[in-house]
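The chains referred to below are lettered A, B, ... by the order of the sequence lines, with proteins before strands, and numbering in each begins at 1.
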Amino acid sequence: MYHLIADLLTAWHARQQRALPWRDAPPGARDPYSVWVSETMAQQTQLAVVVDYFNRWMARFPRLESLAEADQQEVLKLWEGLGYYSRARNLHKTAQILVREHAGELPRTRRELLRLPGIGEYTAGAILSLAYGLPEPAIDGNVRRVFSRLWDIDDRIDSPAAQKRIASLASNLEAAAPQPAALNEALMELGALLCRPRNPLCRDCPLQSSCMAHTRGVQDSRPVRAPRKRTPHYDFTAAVIWQGAPDNSPFLIARRPDDGLLGGLWSLPGARCGPDDENLHACLRRSVCQKLGLAIAVTEPLTTVEHTFTHFHMTLHAFHARICRGAPRAVGYPDWRWTTLAEAELLPFAVPDRKLADALRARTQS
DNA sequence: AATTCGGGGCA
DNA sequence: TGCCCAGAATT
């Protein structure tokens, strides 16, 4: 059974796999650094989005050593817009650890890989198999979905029972595969191209006659997902604090702490509105006082921006402001600076702050 | 075991 | 709109 599935899958993959920039060598014989970067970018991110980021990244940081020597701001700038910024900070940090303690090479054991920031069970397995050719499973969301259908697993996909079952099945399949690395990639490719979350293309699937969910006609209700919570809505504020005359002088930006939302990126100072804030102006005065040690006067509104994160929806209210008293100090932020619209292009900002910059630019041009 | 952490693509 | 994506780290 396992041999049949492994052979069918491998043959299908040899014909149908997509061309991707990191697939420049057969699975099992790739540059470990390229595998690590591409797999990290691919975490919770569709490959179609990753391709351009990967190419830009490898052009600027072709080797692990060049990444280790880079400035964190430049690393984040290359990641700007891709999301989950701890991935970029951890790549940078781990590159420095590897140069310092591991001769600039990625380890060849799961135990050592798992100690490195940003490398979990999946990414460790992907590096071990796709780069080093070792018979290690690499279980991602695609593989879980494919297995839940092949064996019609009706436990919730995130339950311990389902996880154990899938790990066991993956291990058996891996042992039956002629090329374990190719099998891992084939499982993921099948999940991405045919065994999709919605509207799976069972007609074209090489495993159709082996698939229990298809036989029972329940492929559309596999995997069984956990119910999702409604995403809450929060109001945020941001201030354009002008150094001199509005629209015609530098304004203040702050770098966000490495831990937490959008860590390490620059943004306009501000905060989420709390229960103690009487209104948006009060929220803004409070947060700028707490985080920059600055008393400001909020003047006219700039714009309002909507943005949806994974776990909440944000309405961002931006205002113009001027300093009443004090000078900026890095209290609640690790850093701050005066900047201009032109200069801000070169710094890493998250999407909501890019939208504010666009509104500011539209203003000064009119 | 449950949360946190981005952003875009797509029905 | 909601769902999901080649997950990891934290609580």
- Measure from the side-chain heavy atoms of Arg228(A) and tell me the nearest of dG6(B), dC4(C), dA8(C). dC4(C)
- Item | Of the listed nucleotides dG7(B), dC10(B), dC5(C), the one nearest the side chain of Phe309(A) | dG7(B)
- Note on the structure: Of Gly260(A) and Val49(A), the one whose closest nucleotide on DNA chain B sits nearer the 5' end is Gly260(A)
- Describe the nucleic acid contact of Ser86(A) in one word from base, sugar-phosphate, nothing, applying a heavy-atom distance below 4.0 Å. nothing
- Query: Looking only at atom C1', what distance separates dC3(C) and dG6(B), rounded to whole Å?
  - Reply: 15 Å
- Item | Between dG9(B) (P) and Arg196(A) (CZ): distance, integer Å | 17 Å
- Winner on side-chain proximity to Tyr84(A), out of dA11(B), dC5(B), dC4(C), is dC5(B)
- Item | Short side-chain N/O contact to dG7(B) OP1/OP2 from His307(A), under 4.0 Å | yes
- Whole Å only: how far is the OH atom of Tyr234(A) from the P atom of dC5(B)? 10 Å
- Query: Of all the choices, dC5(C), dA9(C), dC10(B), which nucleotide is nearest to the side chain of Arg225(A) once you look at every atom?
  - Reply: dC5(C)
- Query: Looking at His13(A), Arg18(A), Gln16(A), which hits side chain to side chain donor-acceptor pair (under 3.5 Å) with Glu189(A)?
  - Reply: Arg18(A)
- Looking just at side-chain N and O atoms, do Asp140(A) and Tyr122(A) make a donor-acceptor pair shorter than 3.5 Å? no
- Message: From CD of Gln17(A) over to C1' of dA6(C), roughly how many Å is that when rounded to an integer?
- Response: 14 Å
- Between His317(A) and Phe319(A), is the ring centre distance below 6.0 Å? no
- Query: How many Å lie between CZ on Arg256(A) and C1' on dG6(B), as a whole number?
  - Reply: 12 Å
- Task: Output the single nucleotide from dA11(B), dA6(C), dG7(B) whose closest atom is nearest the side chain of Asn199(A).
- Result: dA11(B)
- What's the closest nucleotide to the Thr123(A) side chain, out of dG7(B), dA8(C), dC10(B)? dA8(C)
- Item | Ring-face cation contact, Tyr53(A) with Arg56(A), 6.0 Å cut, 45° max | yes
- Any idea which of dA6(C), dG9(B), dC5(C) is nearest the Ala42(A) side chain? dA6(C)
- Of the candidate nucleotides dG7(C), dG7(B), dT3(B), which contains the atom at the shortest distance from the side chain of Lys229(A)? dT3(B)
- Message: From C-beta outward on Arg87(A), which listed nucleotide comes closest to its side chain: dG9(B), dG6(B), dG8(B)?
- Response: dG6(B)
- Do any side-chain nitrogens or oxygens of His311(A) fall under 4.0 Å of OP1 or OP2 in dC5(B)? yes
- Query: Is the distance from OP1 or OP2 of dC4(C) to the nearest side-chain N or O of Arg145(A) less than 4.0 Å?
  - Reply: no
- If you take all heavy atoms of Arg165(A) and Ile153(A), which pair is closest and at what distance? NH1-CG1, 3.7 Å
- Task: Map Gln46(A) and Pro160(A) onto DNA chain B by nearest heavy atom, then report which one ends up closer to the 5' terminus.
- Result: Pro160(A)
- Item | Separation of atom CG in Asp258(A) from atom P in dT10(C), rounded to whole Å | 13 Å
- Task: Measure from CD on Gln163(A) to P on dA1(B) and round the result to the nearest Å.
- Result: 10 Å
- Query: Hey, does the Lys NZ or Arg CZ of Arg255(A) hover above the aromatic six-ring of Tyr333(A), less than 6.0 Å from the centre and inside 45° of the axis?
  - Reply: no
